[in-house]
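What follows is a short report on a single structure.
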Amino acid sequence: MMREPTWEEVWYTGWMRPSGKLQAAILSSKLGGLDKKRLQMVKSAIDAGEIGLGVDSLKKFTKAHAMRLWRDLQEQRKETVLKDMVAQTPDNYRLIQTESQLEQLVVALQSEPIISFDTETTGLDVYNDVIVGMSLTLPKADYHVYIPVAHKVGKQLKRSVVMDALMPMLTNPKVGKVLHNAKYDMHMLIRHGVRMRGLAHDTRVAMALLNENETSYALKNLATKYGKHFGFEDTSLTFEDLFGKTCFDEVPLDVALVYAAKDTHLTWKLYEWQRQHLQRLGKLEELYRELENPLIDVCVEMEQCGFLIDRNYAQEYGEELRSEIHQLELSLTDHFGDINCNSPIQLARKLYDELKLPEVNARSTDVKTLKALKDKHPGIEHLLKYRELTKLLSTYVEALPERIKSDGRIHGSFNQVATVTGRFSSNEPNLQNLPPKARKLIIAPPGKLIIGSDFSQIEPRVLAHISGDRHLQEPYLNGQDLYSTLASRVFKKPIEECGDGSKYRKMMKVGLLAVMYGTSMHTLSTQLEITVDEAHQFICDFFRTYPQVHSFIKYTHEFVKENEYVETLYGRKRRFPGHRQKAKVYDSLAKQICEILGVEELPLNVWRNNDIPRDLKRKFYDVKGDVESARRQSVNAVIQGTAADIMKRAMLNLQQYCLARGWSLCGTVHDEALMMVDDSVTNGDVKEIEECMTSAASLDVPLVVDTEIMQRWGEGVKKEEWFASAA
DNA sequence: AGCACAGGCCAC
DNA sequence: AAACGTGGCCTGTGCT
C-alpha cells in the first residue's frame, strides 16, 4: 500500500528507501524540536548505515525538497514498475482487439462452464460511469483476456459489439461467473443493458464469511495477505499506486491488459482457494451457497429500485427548518455570544470556562449532559432544539435530495457483508437510520404503495428459541404480551400491574435488552433510575426466573473461551482471535480475587476494593476490558446474527414473491423489509408477504410480522386499518 | 483541497 | 477502570 507520507514519516519510517538506503529526510524547522526518542532512532539508523546522511546534512532538506524528491522517486518507480509489468505479461494474457479475436473468444467460451469476470470503468458511480473494458478468465482453456471497449488510445472494438457478443454468455444462468464484488459489475452491466445471470461465486462476499475481521476486502490486499496460499505472488501496487487519479480509459492497452487480466486471474485463484476452505467448513459453505450468494442478486434489485423523493416536500420542509434554525441562532448568540455552537470545543469553553456550569460529565456537550444542565442556563433549551433541527436538516432534509439520480430517485447501497454479525449496512445515503421525520421525504410513485413488514420482537424470540427457556417461550406460544409476562414473573407482581404503560413493563423492556447486550450494572442502574444494587438484584431475579437464559449466556462465554468463535443458528461465525488466552488469564485472576475475598461471585467494584493487592488488580484490569467486551459481543452476535440470518432468508422469499408480481423489494432496516407494490394490493397479498417472512425460519416460538401500508414512508397505517377503511 | 479523527447523533 | 451490541453521516479541527 503506497501513499504520500507525511513529512514526519518521510524520515522516520524509511518511506524513501527505494534500494535499502534512506536517501533523504526532512527535518525542516522542526528538527530542533525532535524528541529524544526519534532523534535516537535517527542516530541509530545512521550508525546502522540505514541513513546515508548525517544529522547535520539532513538539516539542509526542506519539506518541499524532500517531497519533491519523493515524488520524483515514485514517478521513476512507477514507470519502471509499469514497464516491468508489461515486459512480464504472461503468455496466456491476451488482448481482444479484432472481430476475429472476439469470435474465437466466444467459441472458446462455449466450453467453459464457469469463468471469472471483471469490468474496468471510468469511475465508481454505477449510475453515471461507464464500462471501458472487460476481462475474463477461461479456466479450462487456461487463458485470460482483456477486451478494451472505450480506451482513448489503441485499437479496439465498439462496446456495443462486444456486449452483443458476450450477452448470451453473461445472461445465461447456466454459465457460472466468479467475480470480486459482483454487485458493482452487475450494476455497471445494467447500465449497458445487460442483466447478468448465473453468479456462481463472489470472492468478496465469501471472504467476509471466511473472515469477518478482515481489515480490507480489496482484491489486491487479499492477494497480498493470502496469495502465498494459492500461488500468487505479492502484488503490492494498487490501482491508485499505478494510475493515481487517471481514468482507466487513459491507460495504454498493454498496461491495461496485464493489470485487468490479472484481476480475473487472481479472482479465479482466490475462488479456488476459498472453495476449499468453505467445503472444509461445511456449514459455512451452505450459508454462502444458499443465502449470501443468492442475496447478491436481491441487493442489485433493491438498489436498482431505489426510493422516490418528494422534492416539493423536501423543499418546503427545508425552508421551514432553515427559518426556525435562523431564529434559534439569534437567541443562541444572545445567550452564548459569537461562537459556533456546532463546535464542541467552542461550546465547552463557553459553558464550562466562561459560564462556569458544573462539569457533570467531563465537559461533554452531548444531549444527555445538556439535558442535565437545562435548569442551569436558559440558553441550553434553545441549544438542544438547535441540535435537533440542524441534524435533521443537514443530514437528511438537505442531504437526501442531493443524492437524487436522473430517475428522480435515490439509490442507496445495501451491503450484506459490512457488519461482523451478518446484518446489512447501508450507505450513500444510509437508508437504515432515517428518523421518522426524514422518512417522510420518501414516497411511493403514482399507482404504487410502500409496504413495510417488520418482524415483531425478533431478537427476544431468537433468544427464547436458542436458550430453549420454556418460560421465556411461553408468552409467545400463548399469544401473551412478552414484557408484561416477564415483568409479572420477575417482579412477582400480578399481571394487571404489569400492563401496557406500567413501570414494571417499561423496566422489563430495558432489562431484557440489558441481558441480551450484557449491559453493566452501572449503566442499567442509570437507565432504570435505580441503584446499582437494585439493578444487580433485578438481573439476578431475571436469571432466577429464566434459568436457561442464564445458562445460554454462560455456555456462550465458555464456548467462546474454548473455541474463539461463536455461531449463529445458520452457521455464520463471529470470531474472536486471541480471546482464549486472555479469557484464561481473566478467569484465573477472577478466581484468585474471589478466594481472597471469600466470595462466590466477582464483586461489582474490584478496583476500589482495598483487600485485593494492587498488582493483582492491575493485571486483572489489563484483560478485563477485552475479555468482557468479547463476551458481550459473542452473546450479541449469536442473537443479532441469527435474527440477521432470518431476515436474509426472508428477503430471498420476498424477492421471489415480488418478482412474480412485477413488484420490488427495495430495502431492509434490520428487522423490517420495504417493498414497492401496486396500489391494487389486497389483504390477501399482504398475508402472503407476511408468510414469506414468517416461513423464513421455524423456531420453537412463532415468528410474527406486522405490516404497514403507506403512500409516504413514516406515515404508515397498519394493514388492518388500511383494509378496514378501504372496505 | 483533501484526509483523518473526534464528538455527536441517527437507526435497529 | 469502565460503563451496551451493530452500523453510517455531519461538523469542526488539525494536518499536509
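These values consider heavy atoms only, across backbone and side chains, with no hydrogens, waters or symmetry-generated copies. Note that this is a predicted model, so its numbers are computed, not measured. Residue numbers begin at 1 in each chain, while the letters A, B, ... track the order of the sequences.
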Nearest-angstrom distance from the residue atom OH of A/Tyr396 to C1' of B/dC10: 3 Å
Given B/dG7, B/dC12, C/dG7, the nucleotide with the shortest approach to the side chain of A/Thr419: C/dG7
Using a cut-off of 4.0 Å on non-hydrogen atoms, how would the nucleic acid contact of A/Arg632 be classed: base, sugar-phosphate, or nothing? sugar-phosphate
With a 6.0 Å cut-off on the ring centroids, do A/Phe620 and A/Tyr586 count as close? yes
Does NZ or CZ of A/Lys573 come closer than 6.0 Å to the centre of the six-membered ring of A/Tyr565, within 45° of the ring's axis? yes
Rounded to whole Å, how long is the line connecting atom OH of A/Tyr386 with atom C1' of C/dC10? 12 Å
For A/Glu428, which contact category applies under a 4.0 Å heavy-atom criterion: base, sugar-phosphate, or nothing? sugar-phosphate
If I take atom CD1 in residue A/Ile345 and atom C1' in nucleotide C/dG14, what distance separates them, rounded to the nearest angstrom? 9 Å
Spacing of the C1' atoms in B/dG8 and C/dA1 (rounded, Å): 24 Å
With heavy atoms under 4.0 Å as the rule, sort A/Asn636 into base, sugar-phosphate or nothing. sugar-phosphate
Heavy atoms only, 4.0 Å cut-off, all strands: where does A/Ser426 land among base, sugar-phosphate and nothing? sugar-phosphate
Touch class at under 4.0 angstrom, heavy-atom based, for A/Arg387 against every strand present: sugar-phosphate
Nucleotide nearest A/His522 when distance is taken to its side chain, options C/dA3, C/dT13, B/dA11: C/dA3
Looking at every strand, decide which applies to A/Glu628 at a 4.0 Å heavy-atom threshold: base, sugar-phosphate, or nothing. nothing
Under 4.0 angstrom, heavy atoms only, what part of the nucleic acid is A/Val635 near: base, sugar-phosphate, or nothing? nothing
Classify the nucleic acid contact of A/Val367 as base, sugar-phosphate or nothing, counting any heavy atom under 4.0 Å across all strands shown. sugar-phosphate
Looking across every strand, which nucleic acid part, if any, lies under 4.0 Å from A/Gly625 by heavy atom: base, sugar-phosphate, or nothing? nothing
C/dA1 P sits how many Å from A/Asp622 CG, rounded? 12 Å
Which part of the nucleic acid does A/Ala637 contact within heavy-atom distance under 4.0 Å: base, sugar-phosphate only, or nothing? nothing
Taking the minimum atom-to-atom distance to the side chain of A/Gln633, which one of C/dT6, B/dC12, C/dG8 wins? C/dT6
Which part of the nucleic acid, if any, lies within contact of A/Asn415, taking any heavy atom under 4.0 Å across all strands shown: a base, the sugar-phosphate backbone alone, or nothing? nothing
Whole angstrom is fine here: how far is it from CD in A/Gln640 over to P in C/dG7? 8 Å
In whole angstrom, what separates A/Ile442's CD1 from B/dA11's C1'? 13 Å
Would you please confirm or rule out a distance under 4.0 Å between OP1 or OP2 of C/dC9 and any side-chain N or O of A/Gln432? no
For B/dC9, does the base pair up with any side-chain atom of A/Lys391 as donor and acceptor (N or O, under 3.5 Å, distance only)? yes
Side-chain N or O of A/Arg349 closer than 4.0 Å to phosphate OP1/OP2 of C/dG12: no
Phosphate-side-chain proximity, A/Asn342 and C/dG12, N/O vs OP1/OP2 below 4.0 Å: yes
Starting from P on B/dC12, measure out to CZ on A/Phe414 and report it in whole angstrom. 13 Å
Could you state the CG-P distance from A/Leu434 to C/dG7, rounded to the nearest angstrom? 19 Å
Proximity to the side chain of A/Asp671 - top-ranked nucleotide from B/dC12, C/dT6, B/dC9: B/dC12
Have a look at A/Arg403 and say if it touches a base, only the backbone sugar-phosphate, or nothing, with a 4.0 Å heavy-atom cut-off. nothing
What nucleic acid atoms does A/Thr365 come within less than 4.0 Å of, heavy atoms only: base, sugar-phosphate, or nothing? sugar-phosphate
Do the side-chain N and O atoms of A/Ser453 and A/Glu672 include a donor-acceptor pair separated by under 3.5 angstrom? no
Hey, what's the ring geometry for A/Tyr621 with A/Trp607, parallel, tilted or perpendicular (30° and 60° as the breaks)? perpendicular
Is the backbone of A/Arg608 close enough, under 3.5 Å, to the side chain of A/Asn605 for a donor and an acceptor to pair up by distance? no
Is a side-chain donor or acceptor of A/His579 paired with a backbone partner of A/Glu564 at a separation under 3.5 angstrom? no
Do A/Lys648's NZ or CZ and the ring of A/Phe424 fall within the cation-pi criteria of under 6.0 Å and 45°? yes
